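Just below is one structure, and these are the notes that go with it.
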Protein chains: 2
Amino acid sequence: MEEHKSNTSFKPIATRKIYQYILEQFVHLVSTGVLKPGDKIPSERELAESFKVSRPSVREALRVLEIIGLIDIQPGGGAYLKEMELGPFISVVAPLMFSRDRFDLELLEFRELIEIRAIELLPNPLSAEALEPMGRAIGEMRRALQDNDVEAGALADIQFHRSLLLASNSFILQKVLELVVSLFEHAVRGGRSVVLEKQEDAAQLLHDHERIYRELASGNTDQAKKLLSSHLMMVRRYLR
Amino acid sequence: MEEHKSNTSFKPIATRKIYQYILEQFVHLVSTGVLKPGDKIPSERELAESFKVSRPSVREALRVLEIIGLIDIQPGGGAYLKEMELGPFISVVAPLMFSRDRFDLELLEFRELIEIRAIELLPNPLSAEALEPMGRAIGEMRRALQDNDVEAGALADIQFHRSLLLASNSFILQKVLELVVSLFEHAVRGGRSVVLEKQEDAAQLLHDHERIYRELASGNTDQAKKLLSSHLMMVRRYLR
DNA sequence: CCTGTCAACTGGTAATACCAGTTACTATAG
DNA sequence: CTATAGTAACTGGTATTACCAGTTGACAGG
């Protein structure tokens, strides 16, 4: 059972699989800008021929690219590069996360930490393009409230925060918040009650969003920050 | 070009691929605790027969499980479940991240935000098991400083922070910090200069770590927090 | 001009085969 | 008896081939 003591410093030989080489070349081409979002990827058969490997090897590489959200594959169509999205990855991992005890609360606390930091980095004033999706989310939320559609309301709530964070100046915060928000979205769609159920609470949420939106629209970013901050803390207190 | 206006609310039909079904079953078994870390996964051929699908389909599912760091595959051996690790995912995505402008600095700022929050959640007092890897990292850093081995020093620095965050009480912060720290590690191994190069700076880092370690070991968690906080801010100022 | 058809793509899946590495059992040499 | 070498039965990695199903675009006929 014991290992041989060896004075020589032989290092274990790391063998790499073919799909990793393919993956590496793709990532390199993307990170150097040779391939850009929107570009069409050659067909699997062409790639197999170019790389001089078999189609299954190519497919495994594409599978990974799909999971990390770098390409969209349309059966019958082809594969297209896109800006990296965390959605596919999240949808796989989310069940593992939420199976943990009290994950919901932890996630909310984490989101509070990040989102408050993100709004500190909002450009001032906000552009119209940044404001527009927020307005839409509010409209959606108002409609859901009237219809008493809890899930739609929760999703609209998420959409509001998503559009808010997308306006942030920090790339990392955007990605991390996208990840967090996606987790929430997954939880809501899965029927978990990370959301407010009572109508008056939903109305309060809507009201908060509207105030934040108004302040942002009229350029009072600082005031909006304070509102959002207390808004998030209110939500957390509610859930605890 | 215009789409037909349809009053009926037909929703697009989402077709799912076989590997997704397999993936789903696996994730479900793991999240419900039926499968636990350390368990051996049946061979690809057995799985193919159980699921009544072909081996390539099984392999694509396993490939994804490998990328999200849920299984270890040993060629010739078999596949074993493990606690989810972000390493494999990071190693694919890292080049994409660092190709962005000023990503290093953003990452450092983000890490500062998270890590300061994480140390607020450190248990008090720290267990010996939590302290031990920190001590090792310090020893390694000291050795690297004497040898003037910049890369080894940087890796030991990372290892110190990694062992610190692993002691935190928050699952999410652990995972996110693991992600961030892995990104740093990747950058260092890639030869990027996210690290301090001058020897006196490295000595300063080591000195900071030693002080933090001493405070933690003697139970003065609060004092350690303050030290770590100013330590991180110092590092950031240096890089800016 | 619109519409349906058809051929040539695309990715999804299956089946099969072979290679290379691991493992465990076994026979053989000492 | 023990330790070694050999062997057989695994494992995953890769390649090949084939067929299905969906998309696309050109083309012919209304």
Side-chain angles (χ1 to χ4, degrees), chain A residues 1-4 10-26 35 38-82 88 91-92, chain B residues 1-5 10-26 35 38-82 88 92:
Chain A
M1 276 303 143
E2 289 195 11
E3 293 187 2
H4 291 260
F10 286 140
K11 292 174 185 172
I13 297 174
T15 66
R16 309 185 58 199
K17 303 170 193 173
I18 288 191
Y19 86 90
Q20 292 176 319
Y21 287 104
I22 301 178
L23 211 49
E24 193 173 281
Q25 288 199 36
F26 262 106
L35 291 177
D39 289 356
K40 178 167 185 170
I41 293 179
S43 76
E44 298 179 352
R45 291 167 175 81
E46 287 181 52
L47 288 175
E49 193 166 352
S50 302
F51 287 119
K52 296 292 177 196
V53 297
S54 72
R55 220 181 118 201
S57 295
V58 172
R59 280 183 62 80
E60 291 190 9
L62 293 184
R63 189 90 306 135
V64 175
L65 289 177
E66 187 184 25
I67 285 295
I68 65 177
L70 208 61
I71 63 175
D72 255 342
I73 301 181
Q74 301 165 4
Y80 294 85
L81 267 166
K82 62 177 175 181
S91 59
V92 176
Chain B
M1 278 304 143
E2 291 194 12
E3 292 189 1
H4 290 259
K5 303 163 198 165
F10 287 140
K11 292 175 186 172
I13 297 174
T15 67
R16 310 184 57 198
K17 302 169 194 174
I18 287 190
Y19 87 90
Q20 291 177 318
Y21 288 103
I22 301 177
L23 211 49
E24 193 174 281
Q25 289 198 36
F26 262 106
L35 291 177
D39 289 357
K40 178 166 185 170
I41 293 180
S43 77
E44 296 179 353
R45 298 180 227 282
E46 287 181 51
L47 288 175
E49 194 166 352
S50 303
F51 286 121
K52 297 293 178 196
V53 296
S54 72
R55 219 181 121 202
S57 295
V58 172
R59 279 182 64 80
E60 291 191 7
L62 293 184
R63 190 89 305 132
V64 175
L65 289 177
E66 186 184 26
I67 286 295
I68 66 177
L70 209 60
I71 63 174
D72 255 342
I73 302 180
Q74 301 165 5
Y80 294 84
L81 268 166
K82 62 177 176 181
V92 176

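Keep in mind that this is a model prediction, so the values were computed, not measured.
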Let me have the donor-acceptor pairs involving side chains of residues 12-20 of chain B, under 3.5 Å, with sequence neighbours excluded, atom names and distances please.
from  : atom 1 : to    : atom 2 : distance (Å)
B:R16 : NH1    : B:E24 : OE1    : 3.0
B:R16 : NH2    : B:E24 : OE1    : 2.6
B:K17 : NZ     : A:E66 : OE2    : 2.8
B:Y19 : OH     : A:E66 : OE1    : 3.0
B:Q20 : OE1    : B:K17 : N      : 2.9

Problem - Nucleic acid footprint by protein, nucleotides 3-20 of chain C - heavy-atom cut-off 4.0 Å, B for base, S for sugar-phosphate alone - result: -------BBBBB--B---
Handout entry: Which atom of A:L47 lies closest to which atom of A:P42, heavy atoms considered
Key = CD1-O, 3.6 Å
Practice task
Check A:I73 against A:A79 and note the closest heavy-atom contact, atom names and distance.
Solution key: CG1-CB, 4.1 Å
Handout entry: Set of residues satisfying salt bridge (charged side-chain N to carboxylate O under 4.0 Å, His left out) with respect to B:R55, sequence neighbours excluded
Key = B:E44
Completion exercise
Heavy-atom nearest pair, B:P88 first then B:I67, reads CB-O, 3.5 Å
